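Quick notes on the structure that follows.
On a predicted model such as this, the values are computed, not experimentally measured, just so you know. Numbers for residues simply follow the sequence, beginning at 1.
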Amino acid sequence: MDTPLLLDLLDQYGARATFFFIGARARNHPELVGEVLRRGHTVGNHTLHHVQCWFWAFGPSRVASEVGGVSRY
């Protein structure tokens with residue numbers, strides 16, 4: 001995982017960043033999300049599953065569920 005190395009590099013230069021997490025992965029790594037926040041960075045929503053091949057074809061309700069974090073699929 002590259003995020004801890006990137007966090008160290010950002011710390012070295014006193015820089016802040018926004019990290020966009022895929023919801024399903026963030027659930028599996030809450031300690032990493034917490035570490036990003038602890039170090040003063042911002043966390044953004046990158047959908048629940050980030051299904052790249054089909055995201056463009058999702059209707060409004062599916063997009064809302066992906067962004068809102070409600071998994072019905």
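Rounded to the nearest 0.5 Å, atoms CG (Leu10) and CG (Leu5) are 11.0 Å apart.
Linking Ile, Leu, Val, Met, Phe, Trp and Tyr whenever their side-chain heavy atoms come within less than 4.5 Å puts Leu6 and Leu32 in one cluster.
For the pair Leu7/Phe19, a side-chain contact is recorded, criterion being any heavy-atom separation below 4.5 Å from C-beta on. In this structure, Val36 and Thr3 have side chains that are in contact, with non-hydrogen atoms separated by less than 4.5 Å.
For Arg39, the side chain to side chain donor-acceptor pair (under 3.5 Å) partners are Asp8, Asp11, Glu35, not counting sequence neighbours.
Nearest heavy atoms, Thr18 versus Gly44: CG2-N, 4.2 Å.
Looking only at distances, no side-chain donor or acceptor of His41 sits under 3.5 Å from a matching main-chain atom of Arg16.
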